[in-house]
Participant: 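Below is the structure I would like to discuss, written out as structure tokens.
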Amino acid sequence: MNKRKRKAVIAGNWKMNNTPTEAGLLLEALIPGVHDADCEVVVCVPFTDLCNVVAKCAGTNVHVGAQNVHFEKSGAFTGEVSADMLLDLGVEYVVIGHSERRQYFGETDETVNKRTLAALNAGLKPIVCVGESLTQREQGVTEELVRMQVKIALKDVTEEQVKNVIIAYEPIWAIGTGRTATSDQAQEVCAAIRKVVGELYGNDIAEGMTIQYGGSMNPANAAELLAKPDVDGGLIGGASLHAGKFCEIVDAATKG
Ligand SMILES: O=C[C@H](O)COP(=O)(O)O
């Protein structure tokens, strides 16, 4: 039993990796390795894997997420997937506003807000990503930027709904680079996020919110990052593609 204030959420973001067949093989190794985890375990997988992954995770403690959702309910939006479609498949979580979507697919704070509302209205739990570029960090605007990203993402989200939101702090310069934020840097920004949530919704809601860190989290640095009081979990990219590494991170969160 760990001493965390909040239950940690360890989410693997597979990004554009793993065919349905490969997903099945990865889960065969992963599921037994996390069965006694004392944290929430989530895998956020490509749309094409969702059906198989939901079936494979049924009856286990592994929860399933998607990596994006469209904000309209239905209609002429070729290539898009709605929140109701995900929910009907048995999906529980959805990553929204990942920096790769902001960088390569024109995602903005406004569309992040629309997707967050669509996910919440359908009953999905959004994992909303925020974070600064290296230039923004060097210019000293990290906190200001992240505050703005959080405020816009949560516009019109009700007090009841925000209890189902997870915020993932992902400094862009730490994603896939092997360059992790120090545990103090991660703590500082996660605490700033909790503060702005407190200003918007009050301290009780802010204290209950799960705030993850993401950016080159791995078995070697997870325990130190997760030991910080405002870091309630991780959004893991590269290391989530290896069952052994992912299980070690889950283990670090379990030991707390
Ligand atoms: O969503 C996950 C993050 O982008 C982190 O990716 P990474 O662990 O490969 O740096």
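Start at 1 and go down the list; that is how both ligands and their atoms are numbered.
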Participant: For ligand 1, which atoms sit closer than 4.0 Å to a heavy atom of Ala174?
Facilitator: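 By the 4.0 Å cutoff, the relevant atoms are 10 (O).
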
Participant: Among Arg4, Arg194, Lys5, find the residue that satisfies the salt bridge (Lys or Arg N to Asp or Glu O under 4.0 Å) test when tested with Asp230.
Facilitator: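 That would be Arg194; it is the only one of Arg4, Arg194, Lys5 passing the salt bridge (Lys or Arg N to Asp or Glu O under 4.0 Å) with Asp230.
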
Participant: Among Ile175, Ile249, Ile172, Asn13, which residue places a heavy atom closest to atom 1 (O) of ligand 1?
Facilitator: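 Looking at heavy atoms only, Asn13 sits closest to atom 1 (O) of ligand 1.
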
Participant: Around atom 8 (O) of ligand 1, find the nearest protein heavy atom and jot down its residue, atom name and distance.
Facilitator: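 It is Gly237 N, 2.9 Å.
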
Participant: Rounded to the nearest 0.5 Å, what's the gap from CD1 on Ile167 to SG on Cys129? Could you check?
Facilitator: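 Interatomic distance, Ile167 CD1 to Cys129 SG, rounded to 0.5 Å: 10.0 Å.
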
Participant: Using a 4.0 Å heavy-atom threshold (strictly under), name the region of Cys129 that reaches ligand 1: side chain, backbone, both or neither.
Facilitator: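 Contact part for Cys129 vs ligand 1: neither.
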
Participant: Classify the ring geometry of Tyr93 against His63: parallel below 30°, tilted from 30° to 60°, perpendicular beyond 60°.
Facilitator: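 Taking His63 first and then Tyr93, their aromatic rings stand perpendicular (interplane angle over 60°).
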
Participant: Kindly compute the distance separating NZ (Lys163) from CG (Asp204), expressed to the nearest 0.5 Å.
Facilitator: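 So the NZ of Lys163 and the CG of Asp204 are separated by 9.0 Å.
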
Participant: Going by the order shown, which atoms of ligand 1 are within less than 4.0 Å of some heavy atom of His98?
Facilitator: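 Matching atoms, with element in brackets: 1 (O), 2 (C), 3 (C), 4 (O).
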
Participant: When you check the gap from the basic side-chain N to the acidic O, do Glu199 and Arg147 get nearer than 4.0 Å?
Facilitator: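 A salt bridge is present here (some side-chain N lies under 4.0 Å from a carboxylate O).
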
Participant: Just grab all the salt bridge (charged side-chain N to carboxylate O under 4.0 Å, His left out) pairs involving residues 67-86, residues at least two apart or on different chains.
Facilitator: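 Sorted result for residues 67-86: Lys73-Asp84.
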
Participant: Kindly identify the option in Ala239, Gly178, Gly176 whose heavy atom sits closest to atom 10 (O) of ligand 1.
Facilitator: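 Shortest heavy-atom distance from atom 10 (O) of ligand 1: Gly176.
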
Participant: In the protein, which heavy atom is nearest to atom 6 (O) of ligand 1, and how far is it?
Facilitator: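 Scanning the protein heavy atoms, the shortest distance from atom 6 (O) of ligand 1 goes to Lys15 NZ, 3.3 Å.
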
Participant: Are the charged groups of Asp109 and Arg102 less than 4.0 angstrom apart, N to O?
Facilitator: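 The answer is yes: the pair qualifies as a salt bridge.
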
Participant: Which of the numbered atoms in ligand 1 are below 4.0 angstrom from a heavy atom of Ser216?
Facilitator: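 Near Ser216, meaning under 4.0 Å from one of its heavy atoms, ligand 1 has 7 (P), 8 (O), 10 (O).
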
Participant: May I have all residue pairs that pass side-chain hydrogen bond (donor to acceptor under 3.5 Å, both in side chains) and include part of residues 237-247, sequence neighbours excluded?
Facilitator: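 For residues 237-247, and leaving out neighbouring residues, there are no side-chain hydrogen bond (donor to acceptor under 3.5 Å, both in side chains) pairs at all.
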
Participant: Could you say whether the N/O atoms of Glu100 and ligand 1 ever approach to under 3.5 Å?
Facilitator: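 No, no N or O pair falls under 3.5 Å.
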
Participant: List the closest protein heavy-atom neighbour of atom 3 (C) of ligand 1: residue, atom name, distance to the nearest 0.1 Å.
Facilitator: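 So the nearest neighbour among protein heavy atoms is Glu170 OE2, 2.9 Å.
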
Participant: List the closest protein heavy-atom neighbour of atom 9 (O) of ligand 1: residue, atom name, distance to the nearest 0.1 Å.
Facilitator: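 I find the closest protein heavy atom is Gly238 N, 2.8 Å.
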
